[in-house]
Amino acid sequence: MSNVPHAFHEGLSQLQMELEDGELDRLGRFLDLLFEANAVMNLTGIRERDVGWNRHVLDSLTLVPLIEASGAGRVLDLGSGGGFPGLPLAVTMPDVQFLLLEATGKKARFLEQAASGIDCTNVEVLDERAEIIGEPGCVHRDHYDVVVARAVGPMPVLLELAMPLVRVGGLLLAIKGERAGEELKDAARALDVLRSRVIDQRRTGTGTIVVVEKIDETPADYPRRPGEPRRQPIGCDSRSRGKSR
Ligand code: SAH
């Protein structure tokens with residue numbers, strides 16, 4: 001496709017990926033829908049199409065090799081917002097089932113329209129909070145081979161939202177920036193409490209992917225109630241809450 005920037009194609013070959021024309025077409029249509037909707041709601045700060053291809057689409061696709069290597073069949077995108085990284089991943093991995101989780105109703109409605117607008121039959125959208133669907137007894141708990149997330153919050157917050165949804169032995173793939181290493185220093189306690197460990201950190205052309213494995217069941221008192229993970233991240237509070245262990 002002629003209007004796909006050169007840098008995007010270069011990035012794809014660095015990932016050793018090739019996309020069919022039909023897939024590029026659907027990704028381009030998705031960017032059209034995103035920019036159209038962005039005129040009436042805040043989905044992205046990016047205004048230029050070329051930048052969208054690289055900072056949104058390519059950045060999302062950096063997860064493809066890791067998801068493929070994991071053999072995942074069920075992936076949840078936590079806090080999908082305007083659809084990243086979940087929708088580009090769904091376009092390029094049609095055999096994987098994706099759930100896009102988004103707590104803001106109007107964004108969730110955009111995701112539904114965008115997914116059907118670009119014929120993603122392997123995508124479902126859920127307008128709910130991670131703290132609710134992660135509760136013990138909920139069908140989504142311990143259910144996903146892989147949870148992906150970008151720009152949802154600091155590592156201890158993201159871990160509490162994500163790890164209850166991952167099955168034991170499954171992965172969280174978090175797209176972070178250059179300072180991922182520093183962020184991880186604050187996450188030691190949360191990793192421990194949530195029975196998880198960082199097994200890899202990979203620099204990509206657009207960021208850093210942090211790979212977290214769930215080693216064992218999430219303790220039943222996590223996640224805490226909505227808002228609490230962000231208000232008082234695990235291990236980041238000097239006051240005693242009487243709940244730590
Ligand atoms: N992943 C997208 C959007 C990032 S903004 C991107 O990288 O472009 C973070 C999004 O997460 C927001 O849309 C917000 O509504 C959603 N979110 C934040 N906390 C959440 C929670 N607890 N459960 C579900 N969604 C959440």
Side-chain angles (χ1 to χ4, degrees), residues 27 30-31 33-35 37-38 40-49 51-64 67 75-91 98-115 123-135 138 140-141 143-144 146-166 172-180 183 190 194 204-210 218 222-234:
L27 291 169
F30 171 49
L31 282 178
L33 294 172
L34 177 79
F35 288 132
N38 207 40
V40 290
M41 66 178 105
N42 184 22
L43 294 168
T44 174
I46 289 173
R47 297 283 177 267
E48 304 89 37
R49 236 186 124 72
V51 182
W53 274 104
N54 293 310
R55 297 259 293 279
H56 284 326
V57 182
L58 186 62
D59 195 33
S60 300
L61 296 183
T62 59
L63 298 178
V64 168
I67 296 175
V75 174
L76 179 141
D77 180 14
L78 200 167
S80 193
F84 304 106
L87 268 181
L89 293 172
V91 168
F98 285 85
L99 182 71
L100 311 182
L101 178 69
E102 175 47 56
T104 302
K106 61 181 178 180
K107 293 185 184 177
R109 284 191 288 283
F110 162 74
L111 290 170
E112 261 164 21
Q113 284 163 9
V123 169
E124 281 181 40
V125 177
L126 184 59
D127 173 11
E128 190 47 278
R129 297 188 64 116
E131 295 94 321
I132 300 292
I133 69 164
E135 281 174 6
C138 185
H140 296 280
R141 186 170 167 114
H143 189 66
Y144 294 90
V146 170
V147 171
V148 296
R150 187 182 78 163
V152 173
M155 213 55 199
V157 177
L158 177 59
L159 286 166
E160 183 170 354
L161 299 177
M163 296 323 290
L165 302 167
V166 178
L172 164 67
L173 303 177
I175 301 180
K176 292 287 182 185
E178 279 179 19
R179 293 156 52 99
E183 257 199 62
L194 299 163
T204 66
T206 47
T208 308
I209 302 169
V210 178
T218 307
Y222 295 97
R224 290 166 293 164
R225 60 190 165 78
E228 206 58 16
R230 205 174 293 272
R231 204 175 67 79
Q232 209 168 81
I234 300 171

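Whatever order the structure lists them in is the order used to number ligands and atoms, beginning at 1.
- Between V75 and I67 the shortest side-chain heavy-atom distance falls below 4.5 Å.
- Between R231 and E228 there is a salt bridge, since a side-chain N of the basic residue sits under 4.0 Å from a carboxylate O of the acidic one.
- Residue pairs satisfying the salt bridge (Lys or Arg N to Asp or Glu O under 4.0 Å) criterion with at least one member in residues 153-162, sequence neighbours excluded, are listed as follows: E160-R224.
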Under 3.5 Å, N/O to N/O: give me all the pairs between ligand 1 and the protein, one per line with atom names and distance.
residue, atom, partner, partner atom, Å
ligand 1, 1 (N), G79, O, 2.8
ligand 1, 1 (N), F84, O, 2.7
ligand 1, 1 (N), R150, O, 2.9
ligand 1, 7 (O), R150, O, 3.2
ligand 1, 7 (O), R150, NE, 2.6
ligand 1, 7 (O), R150, NH2, 3.3
ligand 1, 8 (O), R150, NH2, 3.0
ligand 1, 13 (O), E102, OE1, 2.8
ligand 1, 13 (O), E102, OE2, 3.1
ligand 1, 13 (O), K107, NZ, 3.0
ligand 1, 15 (O), E102, OE2, 2.6
ligand 1, 15 (O), T104, OG1, 3.0
ligand 1, 19 (N), R230, NH2, 3.3
ligand 1, 22 (N), E131, OE1, 2.9
ligand 1, 23 (N), A130, N, 2.9
ligand 1, 25 (N), A103, N, 3.4

Does the side-chain contact (heavy atoms from CB on, under 4.5 Å) test come out yes or no for L99 and H143, once each step is laid out?
-> CA-CA 11 Å; L99 182 71; H143 189 66; over 6 Å; no

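- Side-chain contact between F98 and L87 is absent, with no heavy atoms from C-beta onward closer than 4.5 Å.
- Using cut-offs of 30° and 60° for the angle between ring planes, the H56 and F84 rings count as parallel.
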